[in-house]
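Chain naming here is simple, since letters A, B, ... match the order of the sequence lines and numbering starts at 1 in each. Excluded from the calculations below are hydrogen atoms, water molecules and symmetry mates; all remaining heavy atoms, backbone and side chain alike, are included. Because the structure is a prediction, the values reported are computed rather than measured.
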There are 2 protein chains.
Amino acid sequence: MLDERKTSILRAIVQEYISTAQPVGSTHIADAPGVRVSSATVRNEMAVLEQEGYLAQPHTSAGRVPTDKGYRFFVDHMTTPGRLDSAASQRVGTFFDGAHGRLEELLHQTTNLLAQVTQHAAVVVGPRAETATVRSVQIVGLSSRVALVVAVFSNGTIDNQTMELDGDTSELRLSAASAHLQTVMIGHSLDAADLKRSSGDAAVDLLCSVGFEALRKGSSDESVFVGGASSMARAFDAVDTVRNVLRTLEQQYVVVSLVRDVLNRGLTVAIGAEHGVEPLVACSVVVAPVMVDGDQVGTIGILGPTRMDYPQALATVDVVSERLARRLGEGAA
Amino acid sequence: MLDERKTSILRAIVQEYISTAQPVGSTHIADAPGVRVSSATVRNEMAVLEQEGYLAQPHTSAGRVPTDKGYRFFVDHMTTPGRLDSAASQRVGTFFDGAHGRLEELLHQTTNLLAQVTQHAAVVVGPRAETATVRSVQIVGLSSRVALVVAVFSNGTIDNQTMELDGDTSELRLSAASAHLQTVMIGHSLDAADLKRSSGDAAVDLLCSVGFEALRKGSSDESVFVGGASSMARAFDAVDTVRNVLRTLEQQYVVVSLVRDVLNRGLTVAIGAEHGVEPLVACSVVVAPVMVDGDQVGTIGILGPTRMDYPQALATVDVVSERLARRLGEGAA
DNA sequence: CCCTGGCGCTCGCTAGCCTGGAGTGCCAGA
DNA sequence: TCTGGCACTCCAGGCTAGCGAGCGCCAGGG
């Protein structure tokens, strides 16, 4: 554990580095508010902090830079809980007041909101259909060979999948299947639906199970939205860091599992190597669950360089997740 | 018009520059296949080509670089129509053979395919619902205050919008509205639906028109998918070019109108300033319409640096648009 | 015992200089 | 009309010197 002075020195260093992105020297810290000692003392403390792994030196005789461990200590010992500046919080307010239309659209716009407010990349992982109950399900024929099965869930998500048909499936059979699916699925979650119950017609039963399986497969895909990836180009000046990060962000399954993983470990912040995604070691992730009625229906997060403004990031993510949850709650209540 | 020799010299320069990204000098061209003159002659021709605006010099005593006009001449006078190498065409083949599931998913994956094959950013603009006829429409209540209106169109697209309800709208009214919408919309396009016809219940009529308007508003939004934006980080080494391009790509409406604009002018290739989007002057766009039964149901395109491999790009875009059209045709026939 | 001021030292960054090489433009001769 | 040759230009890269920021260490003082 660090004593009070080390703590405030470390805090000052992190804050300074976050705002300047330059290695910070002892003199800058010596006359920072909250630190009332000479630069020499600061130097000594810095040497200790470096030995303990909170700081690092890019090279001898350069200033110090926080390590992942340093950032970790910083976020664990933040004094101010972090507040949104009024422009930002107003922005969030008007966004959610004006939100309307499709769920997907809402989530997509939410990434843009997050990205613009924080100036970092934003991730929104949408609600999964799995646990929600089915409100409506329908099979719609498109051609002689293709039909669409469409389901609406109680949490407002919609899933649709194509099914391939035999050439000679009659309209009649399709609507019979549609009706049968409705009787066995509506009101149940996908897992609880009783597909065993037969309609009495083997061909209809087959259609139903094909449609059901398509939905089931689809329901395990999460809907993910990533926005503001271009901010990464601003965050790093090493071109190949940018390349790597962008490429990784495009692999959405990586992003999803990253975000889920972090939350599963009970964290809200994962710094650098903590999240274990190798190409993103230079990045930190700040996440928050979106809770409706005690159920987690989604996750939002932002991803930026390790030297991001954690207090602001945490505050933003909290506020947005809370507003988003309220909004989703209106739809699912 | 350029004489034969100038043409082949220009062609050689463009090809060389595309593959090396370095200003090309007269000696390299002198012993290129198709050019059988001395470097001095090449130099003279180059001077003329520069005067006429086909080439530019980064600085005195450097090699030449093609201008937009030079690229334009190159693509207009390509000898080989451009062929996909077998690995790429196999890739495309297996992709479409294995494609399944949701339309949106298919389009999204198509951007990834294009991006990976061409190593450039890819754009897919999906079919609009406007002209297609309605196959199914339904109002599904989610809570006392929110309902969802879901429509399936003949081209396989699905649209859904939320509608806000008065607190006291009964389930009965909702299903009456749902039924009425079905009678007036199914089989018609959104524009041709006869909303005037009354159901006999004013409250039900109101619900219908609210739902209909929501769908109508939504139908004018195009579905756009952009993928492989990270390739831009590979294409340019100036960091702020990358920034600008990425930021622009995130504004999807810009991308949509860009792509549509280019096609409207009857082009398949827009080079640098030709497309008129200022932040993308360093980029070229190669597009192709996706035609099903003579109707354009969408557009695909790729976006890369002006010094991209045009023959390969054109070939790829052609093949993919053709395969995608065939695939969509199966669903909509 | 801890803090402080001071001194010497180490690096990285920048500017200036130089040189080698690639490329051009032009000219005279075939 | 083409070509070989020559003089010239300019960039890229390597080298050096100087500067400044920053550190570590040490001796003196509260």
What nitrogen or oxygen pairs link the protein and nucleotides 2-6 of chain D at under 3.5 Å?
residue	atom	partner	partner atom	Å
D/dC2	OP1	B/Arg5	NH1	2.8
D/dC2	OP2	B/Arg5	NH2	3.4
D/dT3	OP2	B/Ser38	N	3.1
D/dT3	OP2	B/Ser38	OG	3.4
D/dT3	OP2	B/Thr41	OG1	2.6
D/dG5	O6	B/Arg43	NH2	2.8

- request: Just jot down the side-chain contact (heavy atoms from CB on, under 4.5 Å) partners of B/Asp237, sequence neighbours excluded, or say none.
  value: none
task: Taking the side chain as every heavy atom from C-beta outward, state whether A/Val123 and A/Ile300 have any atom pair closer than 4.5 Å.
output: no
Atom-pair distance (CG on B/Asp31; P on C/dA22), nearest Å: 14 Å
message: We want to know whether A/Ser38 and A/Thr41 form a side-chain donor-acceptor pair, criterion being a heavy-atom distance below 3.5 angstrom.
response: yes
- prompt: To the nearest angstrom, how far is A/Tyr17 atom OH from D/dG22 atom P?
  reply: 14 Å
- prompt: Between C/dC2 atom P and A/Asp3 atom CG, what is the distance in whole Å?
  reply: 11 Å
message: Contact between B/Ile13 and B/Phe74 at the side-chain level, heavy atoms closer than 4.5 Å - yes or no?
response: no
Members of residues 46-66 of chain B that approach DNA chain C, where some heavy atom sits under 4.0 Å away: B/Met46, B/Gln57, B/Ser61, B/Ala62, B/Gly63, B/Arg64
task: Among D/dC23, C/dG23, C/dT24, find the nucleotide with the atom closest to the side chain of B/Ser26.
output: C/dT24
Acceptor/donor pairs from residues 303-315 of chain B side chains to any protein atom, 3.5 angstrom cut, sequence neighbours excluded:
residue	atom	partner	partner atom	Å
B/Arg307	NH1	B/Ala235	O	3.4
B/Asp309	OD1	B/Gln312	N	3.3
B/Tyr310	OH	B/Ser284	OG	2.7
B/Tyr310	OH	B/Thr306	O	2.5

task: Only counting residues at least two apart or in another chain, list the ones meeting side-chain contact (heavy atoms from CB on, under 4.5 Å) with A/Ala115.
output: A/Ala122
query: Quick one: side-chain hydrogen bond (donor to acceptor under 3.5 Å, both in side chains) pairs with a partner in residues 47-63 of chain A, sequence neighbours left out?
result: A/Glu50-A/Arg64
message: Given B/Ser230, which partner from the list A/Arg247, A/Glu250, A/Arg243 fulfils the side-chain hydrogen bond (donor to acceptor under 3.5 Å, both in side chains) test?
response: A/Glu250
